[in-house]
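Let me begin by presenting the structure, written as structure tokens, before commenting on it.
Counting starts at 1 for both ligands and their atoms, in listed order.
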Amino acid sequence: MNFRSDNESPAATEIMAAIARANEGFVHSYGADPITARLDELFGDLFETEVTVLPVISGTAANALSLSLICPPYGMVFCHQHAHVNNDECSAPEFFTGGAKLRPLQGPGAKFTANALREAIEMTGAHGDHEPLPAAVSVTQSTELGAVYRPEEIAAITEVARAAGMATHMDGARFGNAIATLGCAPADVTWRAGIDVLSFGATKNGALAAEAVVLFRPQAEAGRRRSRAGHLLSKMRFLSAQLEAYIADGLWLRLAAAANRQAARLADGLEGVPGATVQRPVEANEVFAILPPAVIDGLEGRGIHLHRWPGVANQVRLVCAYCTRDEDVDAVISAARDAAQT
Ligand SMILES: Cc1ncc(COP(=O)(O)O)c(C=O)c1O
């Protein structure tokens with residue numbers, strides 16, 4: 001049973017069916033196919049504004065490419081200390097931007113506030129050309145610790161960024177999980193809240209491998225940068241087919257809501273396990289908990305895969321996927337209860 005990561009889940013049948021449907025005859029390559037041609041309009045409808053959509057194959061590519069579009073080589077990107085762009089992308093953002101500096105901020109739940117950003121910006125500027133230029137801000141939605149920014153929190157952050165002449169990026173590797181929780185329009189927490197570019201994730205929530213860079217302002221060089229990054233796929237139709245199926249008929253939100261629901265059940269159940277503490281309100285599909293060592297060992301011993309989170313003693317992360325079942329969650333809770341008693 002797997003609660004280690006939503007990355008370890010299978011692709012959804014709807015996505016596989018869409019790939020199979022796209023596998024029909026010859027079509028033009030490198031994004032000149034009919035499915036890719038529809039994406040700007042489909043995502044435009046979803047976001048209630050004109051957008052440019054660039055499909056890529058990984059979240060890292062989406063983030064690094066996005067940041068390269070809004071931050072020059074001599075720029076600085078403000079992000080959270082726990083941000084994936086900061087810790088887990090092997091300096092792809094620095095590489096794609098041509099050397100920009102990431103400036104980490106603090107805050108609980110891997111969220112930072114508009115005030116934290118303002119204070120960090122105020123710390124800059126004393127060294128003139130010796131220091132990088134504050135150029136961009138990146139927020140993760142939902143965050144690496146499973147928290148969700150409210151639209152007004154994003155709007156406050158982007159207002160500070162805008163006042164300082166900076167552009168804004170959202171890492172939406174788990175954007176669906178955030179929207180399923182917020183229940184708002186995708187626009188409300190992105191461009192209407194001041195976001196310029198979104199990494200729209202699909203892979204963790206049922207796609208095989210597909211993410212989209214969604215530009216809320218046109219960027220002339222975006223296509224060439226993607227090509228230079230090696231993400232202008234010759235058989236782009238298969239990427240685009242995943243994205244089309246993912247947003248069609250609200251599939252992405254149904255899948256995300258299912259994952260979130262199981263995470264909430266899991267958190268509730270773990271709260272009742274002696275010695276266990278769920279660390280923060282579960283707002284998306286990830287549960288962080290401190291568990292007695294015997295419980296962690298007991299879960300693993302019963303074949304339940306989880307992530308021992310580095311840096312905090314006895315902390316684990318359990319991630320629910322769109323296909324996590326009631327009985328999977330029930331099995332974890334009863335295994336944890338058993339292990340706590342032995
Ligand atoms: C918040 C966040 N952003 C981006 C990524 C990057 O996705 P990928 O592994 O597809 O590069 C991940 C992957 O775990 C993630 O958790």
Heavy-atom closest pair, residues Ala210 and Ala202: O-CB, 3.2 Å
Nearest non-hydrogen partners of Val85 and Pro93, listed with the distance: O-CG, 3.7 Å
From Thr97 atom OG1 to Leu65 atom CG, the distance as rounded to the nearest 0.5 Å: 11.5 Å
Between [X] and ligand 1, does any nitrogen or oxygen pair lie at a separation below 3.5 Å?
X: Asp171; result: yes
X: Arg174; result: yes
X: Gly59; result: yes
X: Lys204; result: yes

Other residues, nucleotides, ligands: >12 heavy atoms within 6.0 Å of Glu159 CD: no
Pair Trp309 and Phe288, ring centroids less than 6.0 Å apart: yes
Trp252 and Phe200 aromatic ring geometry - parallel, tilted or perpendicular at 30°/60° bounds: tilted
Which ligand 1 atoms, with their elements, are less than 4.0 angstrom from a heavy-atom of [X]?
X: Ala173; result: 1 (C), 2 (C), 3 (N), 4 (C), 15 (C)
X: Asn63; result: 3 (N), 4 (C)
X: Glu89; result: 4 (C)

For ligand 1, indicate whether the residue [X] contacts it via side chain, backbone, both or neither (heavy-atom separation under 4.0 Å).
X: Thr143; answer: neither
X: Ser58; answer: both
X: Asn7; answer: side chain
X: Thr140; answer: side chain

Modelled atom types, side-chain donor and acceptor of Thr140 and His84, under 3.5 Å: no
Salt bridge flag under 4.0 Å for residues Arg38 and Glu244: yes
